[in-house]
Colleague: 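Okay, handing you the structure first.
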Amino acid sequence: MIYNTLSGRIEEFKPLEEGVVKLYTCGPTVYDYAHIGNFRSYVAEDLLKRFLKFLGYRVIHVMNITDVDDKTIAGARAEGISLKGFTAKYEKAFFEDIETLRLDKADYYPKATEHVEDMIKIIQGLLEKGYAYEKEGSIYFRISSFPEYGKLSKIKKEELKAGIRIDADEYEKEDVRDFALWKAKKPGEPSWPAPFGEGRPGWHIECSAMSMKYLGPTIDIHARGVDNIFPHHENEIAQSEAYTGKQFVRYWFHVQHLIVNGEKMSKSKGNFYTLRDLLSMGFSPRAIRYLLLTTHYRKVLNFTFDALYQATASLKRITDFLFELETRNFSDGQTEEARNMIEKTKKDFTAALLDDLNISGAIAAIFEMIHWGNKAMEGEKLKKKDAEQIKLLFYDLDRVLAILPEKIIEELPDEIMELIKKREEARKNRDFATADAIRDELFKKGIILEDTKEGTRWKIIKT
RNA sequence: GGCGGCGUAGCCAAGCGGUAAGGCAGCGGUCUGCAAAACCGUUAUUCGCCGGUUCGAAUCCGGCCGCCGCCUCCA
């Protein structure tokens with residue numbers, strides 16, 4: 001069950017081809033470092049994709065890289081370097097960020113500059129069919145030729161006229177609502193040859209071309225932030241469907257925006273954060289992912305540092321639980337109760353996500369498992385096999401969430417281990433002043449010591 | 001003005017007609033040399049406000065108030 005912007009309703013999800021999902025997500029325009037608002041979308045899309053895979057679908061995922069447009073051209077010019085040199089830097093940064101946030105890799109990352117041929121082909125086709133026209137070297141899509149224009153954004157094209165601003169370089173259009181497929185060559189701008197004249201592609205056409213090229217005329221899911229509904233996605237539908245005569249996208253998945261402290265994030269307000277900003281402040285990638293992940297994708301996410309601390313603390317409860325499972329001594333055996341609880345957790349988790357990605361319900365299932373498990377451990381009722389099965393469950397569900405640390409138990413350098421030993425000696429001799437001093441010292445280094453019946457154990461503060 | 005979304009405890013957040021999940025924070029207790037972790041108890045007679053439908057509404061309908069986004073190639 002998933003919400004489809006096209007119908008405005010929650011619908012049953014059924015891919016065109018059984019067992020296979022064709023997914024296209026609009027990627028970054030590589031002119032700057034991506035900010036957390038961008039990543040809110042990517043993380044939500046990642047949840048969708050990972051969950052589909054979890055359900056057993058084979059997902060073919062394409063994410064485009066926009067490496068030619070007004071902003072990239074302007075950026076390259078400002079730095080006095082080539083367009084390619086300019087975009088390469090941000091493209092590299094983007095892939096690093098993807099890694100940091102554990103976004104599942106797409107199968108293809110096509111670049112606009114490498115698919116100009118494909119775009120030209122479509123534009124040519126649209127010209128031949130009369131959906132497009134040439135004006136002073138540029139090619140525009142004729143909206144009046146596509147009766148269904150507005151079906152996604154529910155905008156009536158007749159009403160679009162009022163108040164619209166006319167770009168200085170575009171006033172030659174037949175109709176102000178028409179959009180550019182191809183922009184005529186301008187001095188100093190990169191351009192490509194085409195049968196209809198040298199120039200560069202418009203923004204909307206790239207998604208259509210690359211989506212069709214890698215996934216065919218009709219795809220299952222197209223995803224991106226809500227602000228792209230109009231005009232970007234609306235235009236994609238128009239040009240694609242006009243060209244192929246087939247439905248372009250079956251399910252439109254739109255992610256709500258992120259705001260910061262109740263306000264729209266913007267550079268002028270000083271509340272603009274890139275992933276890198278947050279990392280340099282010391283927040284862990286997992287906590288950032290957790291925060292972006294755990295608000296339902298159709299709800300505005302109000303980003304605050306308080307929320308980020310809360311995310312960090314929630315995550316700690318999860319990892320502390322796994323730590324217990326890892327370090328406690330359990331007696332052999334397995335219990336029926338644990339088995340039932342594990343089954344229930346998996347069932348509840350899946351059922352929640354099946355309901356239009358109800359992440360809160362899914363997370364609640366995990367915390368209910370944790371509470372049950374902690375309680376069972378408190379009463380020494382959990383057996384060895386139970387603990388193992390619960391761990392397996394958590395790593396199984398983490399295929400969807402991707403929030404668990406790679407290692408639960410950390411290795412410490414020898415000199416630290418020496419200190420821990422020294423402290424244990426001190427404690428044995430009831431020299432608590434020395435013991436506490438060592439504990440404080442290590443805490444400052446990010447190591448937490450905990451004294452249990454089974455001896456002293458340590459954790460590294462990471463989240 | 002048009003289109004869309006939201007308003008649930010100090011904070012984050014489920015709920016989709018049957019009597020308020022979950023997380024964070026706080027408070028009291030157990031455990032501990034002290035902590036930490038964990039556990040037990042506690043924190044919304046109430047879901048922006050006002051009406052209506054119903055045996056019964058946070059959930060449905062009407063009105064009002066407040067907030068956010070899009071309608072400009074900003075995700």
Side-chain angles (χ1 to χ4, degrees), chain A residues 5 8 10 25-29 32 34-42 44-45 66 69-71 150 153-156 159-160 162-167 179-180 202-204 223-232 234-235 254-259 262-267 272 290-291 294-296 298-302 304 306-318 320-321 323-324 327 348 352 355-356 358-368 370-371 373-379 427 430-433 435-436 439-440 443 448-453 456-459:
Chain A
T5 311
I10 291 177
T25 57
C26 287
T29 300
D32 199 354
H35 59 252
I36 51 171
N38 297 314
F39 286 115
R40 197 267 158 109
S41 293
Y42 299 138
E45 290 156 9
T66 301
D69 79 320
D70 294 345
K71 291 187 297 266
S153 55
K154 321 284 186 265
I155 285 172
K156 295 186 183 70
E159 291 168 4
L160 249 182
I164 204 160
R165 204 184 71 185
I166 300 167
D167 286 348
F179 59 91
W203 175 42
H204 312 299
R224 200 40 162 155
V226 284
D227 61 328
N228 278 142
I229 295 173
F230 189 88
H232 187 50
E234 195 67 61
N235 291 351
H254 287 107
V255 183
Q256 256 300 345
H257 272 196
L258 169 152
I259 57 176
E263 290 186 313
K264 183 171 174 164
M265 181 165 66
S266 73
K267 284 180 179 166
F272 187 95
Y290 185 92
L291 177 60
T294 51
T295 295
H296 185 82
R298 281 195 289 120
K299 222 175 146 171
V300 173
L301 192 163
N302 187 14
T304 60
D306 188 44
L308 196 47
Y309 289 121
Q310 289 183 18
T312 304
S314 300
L315 213 41
K316 183 165 180 296
R317 181 162 161 87
I318 298 173
D320 276 344
F321 176 64
F323 189 86
E324 293 291 341
T327 54
D348 290 351
D355 180 16
D356 195 30
N358 184 343
I359 187 69
S360 304
I363 294 286
I366 285 177
F367 280 107
E368 271 158 22
I370 290 173
H371 186 243
N374 276 140
K375 212 167 155 174
M377 282 192 277
E378 193 80 3
R427 285 189 70 226
R430 304 195 64 82
D431 176 6
F432 296 121
D436 290 351
R439 188 170 61 192
D440 289 349
F443 182 75
I448 295 173
L449 295 187
E450 298 180 359
D451 304 320
T452 71
K453 270 179 276 179
T456 298
R457 63 188 192 187
W458 63 86
K459 295 173 186 166

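Chain letters run A, B, ... following the sequence lines, proteins first and then strands; every chain starts at 1.
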Colleague: When the C1' atoms of B:C6 and B:A35 are compared, how many Å lie between them, rounded to an integer?
Modeller: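 My reading of the C1' atoms in B:A35 and B:C6 gives 43 Å.
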Colleague: Report yes if the side chains of A:Ile318 and A:Phe367 come closer than 4.5 Å at any heavy-atom pair, otherwise no.
Modeller: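 Counting from C-beta outward, A:Ile318 and A:Phe367 do come under 4.5 Å.
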Colleague: When you measure from the side chain of A:Lys299, which nucleotide among B:C73, B:A75, B:A14 comes out closest?
Modeller: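 Nearest nucleotide to the side chain: B:A14.
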Colleague: Can you tell me how far P of B:C39 sits from NZ of A:Lys453, to the nearest Å?
Modeller: 14 Å
Colleague: For A:Asp69, report the nucleic acid contact type (base, sugar-phosphate, nothing); a contact means any heavy atom under 4.0 Å.
Modeller: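 The residue A:Asp69 makes no contact with any strand.
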Colleague: So which nucleotide does B:G62 pair with, by the Watson-Crick or G-U wobble rule with both distances under 3.5 Å?
Modeller: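 B:G62 is paired with B:C50.
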Colleague: Tell me which one of A:Lys375, A:Lys459, A:Arg317, A:Arg457 satisfies salt bridge (charged side-chain N to carboxylate O under 4.0 Å, His left out) with A:Glu324.
Modeller: A:Arg457
Colleague: Please tell me whether A:Asp306 and A:Gln310 have a donor and an acceptor in their side chains that are separated by less than 3.5 angstrom.
Modeller: yes
Colleague: When all nucleic acid strands are considered with a 4.0 Å heavy-atom cut-off, which category describes A:Asp70: base, sugar-phosphate, or nothing?
Modeller: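 Contact class for A:Asp70: none.
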Colleague: Side chain of A:Lys264: nearest nucleotide among B:G69, B:G33, B:C3?
Modeller: B:G69
Colleague: Please give the distance between the P atoms of B:G10 and B:G26 as a whole number of Å.
Modeller: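 Approximately 16 Å lies between the P atom of B:G10 and that of B:G26.
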Colleague: With both distances under 3.5 Å as the test, what is the Watson-Crick or G-U wobble partner of B:U45?
Modeller: none
Colleague: Among B:C3, B:A37, B:A75, which nucleotide sits nearest the side chain of A:Arg457?
Modeller: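 Of all the options, the side chain of A:Arg457 is nearest to B:A37.
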Colleague: Measuring only the C1' atom in each nucleotide, how far is B:G52 from B:U59? A whole number of Å is fine.
Modeller: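 Between the two C1' atoms, the distance is 15 Å.
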Colleague: Please report the distance separating the C1' of B:A57 from the corresponding atom of B:C16, rounded so that it comes out in whole Å.
Modeller: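 B:A57 and B:C16 have their C1' atoms separated by 11 Å.
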Colleague: Across all strands, who's sitting opposite B:A57 as a Watson-Crick or G-U wobble pair, both distances under 3.5 Å?
Modeller: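 B:A57 is paired with nothing.
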Colleague: Taking atom C1' of B:G4 as reference, at what distance in whole Å does atom NE2 of A:His257 sit?
Modeller: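 Rounded to the whole Å, the gap is 12 Å.
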Colleague: With heavy-atom distances below 4.5 Å as the criterion, would you say the side chains of A:Arg298 and A:Ile10 are in contact?
Modeller: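 A side-chain contact exists here, since the closest heavy-atom pair is under 4.5 Å.
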Colleague: Whole angstrom is fine here: how far is it from CG in A:Asn228 over to C1' in B:C73?
Modeller: 9 Å
Colleague: Is a donor-acceptor pair below 3.5 Å formed from side chain A:Asp451 to base B:C34, judging by atom type as modelled?
Modeller: yes
Colleague: Expressed as a whole number of Å, how far does the C1' atom of B:C47 sit from that of B:C60?
Modeller: 16 Å
Colleague: Base, sugar-phosphate, or nothing for A:Glu263, non-hydrogen atoms under 4.0 angstrom?
Modeller: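 A:Glu263: no heavy atom of the nucleic acid under 4.0 Å.
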Colleague: When all nucleic acid strands are considered with a 4.0 Å heavy-atom cut-off, which category describes A:His204: base, sugar-phosphate, or nothing?
Modeller: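 Nothing, no nucleic acid heavy atom in range.
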Colleague: Round to a whole Å and report the spacing from CD1 of A:Ile370 to C1' of B:A37.
Modeller: 13 Å
Colleague: If you only use heavy atoms from C-beta on, which nucleotide in B:A37, B:G69, B:A14 is closest to the side chain of A:Asn358?
Modeller: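 When the side chain of A:Asn358 is considered, B:A14 is the closest of B:A37, B:G69, B:A14.
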Colleague: Base, sugar-phosphate, or nothing: which does A:Phe367 touch, judged by heavy atoms less than 4.0 Å apart?
Modeller: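 Answer is sugar-phosphate: A:Phe367 comes under 4.0 Å of backbone atoms only.
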Colleague: In terms of side-chain heavy atoms of A:Arg439, which of B:C34, B:A75, B:G33 is nearest?
Modeller: B:C34
Colleague: Out of B:A75, B:A13, B:G33, which has the shortest distance to the side chain of A:Asp436?
Modeller: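 Comparing B:A75, B:A13, B:G33 against the side chain of A:Asp436, the answer is B:G33.
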Colleague: For A:Pro231, answer base if it contacts any base atom (sugar-phosphate contacts may also be present), sugar-phosphate if it contacts only those atoms, and nothing otherwise; contact means non-hydrogen atoms under 4.0 Å.
Modeller: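 The answer is sugar-phosphate, as A:Pro231 gets under 4.0 Å only of primed atoms, P, OP1 or OP2.
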Colleague: Would you indicate what A:Ala307 reaches in the nucleic acid, counting non-hydrogen atoms under 4.0 angstrom: base, sugar-phosphate, or nothing?
Modeller: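 It contacts nothing in the nucleic acid.
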Colleague: Using a cut-off of strictly less than 4.0 Å, decide whether A:Asn38 has a side-chain nitrogen or oxygen near OP1 or OP2 of B:A75.
Modeller: yes
Colleague: Separation of A:Lys375 atom NZ from B:A38 atom C1', in whole Å?
Modeller: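 Spelled out: NZ on A:Lys375 to C1' on B:A38 is 12 Å.
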Colleague: For atom C1', what is the distance between B:A58 and B:U8, given to the nearest Å?
Modeller: 7 Å
Colleague: Write down the partner of B:U72 under the Watson-Crick or G-U wobble criteria, each distance required to be under 3.5 Å.
Modeller: none
Colleague: Once you apply a heavy-atom cut-off of 4.0 Å, does A:Leu258 come out as touching a base, just sugar-phosphate, or nothing?
Modeller: base
Colleague: What interatomic distance, in whole Å, is found between C1' of B:G2 and the corresponding atom of B:U72?
Modeller: 16 Å
Colleague: So, does A:Asn358 use its side chain to make a donor-acceptor pair with the main chain of A:Gly361 at under 3.5 Å?
Modeller: yes
Colleague: Does A:Thr304 or A:Glu368 map to a spot on RNA chain B nearer the 5' end, using the closest nucleotide for each?
Modeller: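 The answer here is A:Thr304.
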Colleague: Think A:Arg317 has a side-chain N or O under 4.0 angstrom from the OP1 or OP2 of B:A38?
Modeller: yes
Colleague: Rounded to the nearest angstrom, tell me the gap between atom CZ in A:Arg298 and atom P in B:C16.
Modeller: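 The distance from CZ of A:Arg298 to P of B:C16 comes to 14 Å, rounded to the nearest Å.
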Colleague: Which of these nucleotides, B:C74, B:A36, B:C68, is closest to any side-chain atom of A:Val300?
Modeller: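 Shortest atom-to-atom distance from the side chain points to B:C68.
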Colleague: With rounding to the nearest 0.5 angstrom, report the CZ to CD1 distance, A:Arg439 to A:Ile448.
Modeller: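 Going from the CZ atom of A:Arg439 to the CD1 atom of A:Ile448 covers 11.0 Å.
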Colleague: Might you point out which heavy atoms bring A:Gly27 and A:Tyr42 nearest each other, and give the distance in Å?
Modeller: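 Nearest pair, atom of A:Gly27 first, then A:Tyr42: C-OH, 3.5 Å.
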Colleague: Decide yes or no, distance alone: a donor-acceptor N/O pair under 3.5 angstrom between the base of B:A14 and the side-chain of A:His296.
Modeller: no
Colleague: At under 4.0 Å, does any side-chain N or O of A:Arg430 touch on OP1 or OP2 of B:U32?
Modeller: no
Colleague: Looking only at side-chain atoms of A:Gln310, point me to the closest of B:A36, B:A14, B:C11.
Modeller: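 Nearest to the side chain of A:Gln310 among the choices is B:C11.
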Colleague: Looking at every strand, decide which applies to A:His371 at a 4.0 Å heavy-atom threshold: base, sugar-phosphate, or nothing.
Modeller: sugar-phosphate
Colleague: Consider the side chain of A:Ser314, meaning its heavy atoms from C-beta on, and name the nucleotide among B:C39, B:A37, B:G23 that approaches it most closely.
Modeller: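 So the nucleotide nearest the side chain must be B:G23.
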Colleague: Tell me: NE2 of A:His254 to P of B:A75, nearest whole Å?
Modeller: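 So the two atoms are 14 Å apart, to the nearest Å.
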Colleague: Does A:Ile229 or A:Asn302 map to a spot on RNA chain B nearer the 5' end, using the closest nucleotide for each?
Modeller: A:Asn302
Colleague: Using a heavy-atom cut-off of under 4.0 Å over every strand shown, decide if A:Ser153 touches base, sugar-phosphate, or nothing.
Modeller: sugar-phosphate
Colleague: Looking at B:C24, I'd like to know if its phosphate oxygens (OP1 or OP2) sit under 4.0 Å from a side-chain N or O belonging to A:Lys316.
Modeller: no
Colleague: Looking at every strand, decide which applies to A:Leu291 at a 4.0 Å heavy-atom threshold: base, sugar-phosphate, or nothing.
Modeller: nothing
Colleague: In the structure shown, which nucleotide is the Watson-Crick or G-U wobble counterpart of B:U30, with both distances under 3.5 Å?
Modeller: B:A38
Colleague: Kindly indicate whether the side chain of A:Val226, heavy atoms from C-beta on, has any atom under 4.5 Å from the side chain of A:Gln256.
Modeller: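 In contact.
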Colleague: Can you tell if the side chain of A:Leu258 reaches within under 4.5 Å of the side chain of A:His35, non-hydrogen atoms only?
Modeller: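 Side-chain contact under 4.5 Å: no.
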Colleague: What is the pairing partner of B:U19, taking Watson-Crick or G-U wobble pairs with both distances under 3.5 Å in any strand?
Modeller: none
Colleague: Expressed in whole Å, how much space separates the P atoms belonging to B:C12 and B:G1?
Modeller: 29 Å
Colleague: Within the supplied structure, the quantity of interest is the number of heavy atoms (other residues, nucleotides, ligands) at a distance under 6.0 Å from A:Phe443 CZ; does it exceed 12?
Modeller: no
Colleague: Please report, rounded to the nearest Å, how far the P atom of B:C24 is from the CG atom of A:Asp320.
Modeller: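 The distance from CG of A:Asp320 to P of B:C24 comes to 10 Å, rounded to the nearest Å.
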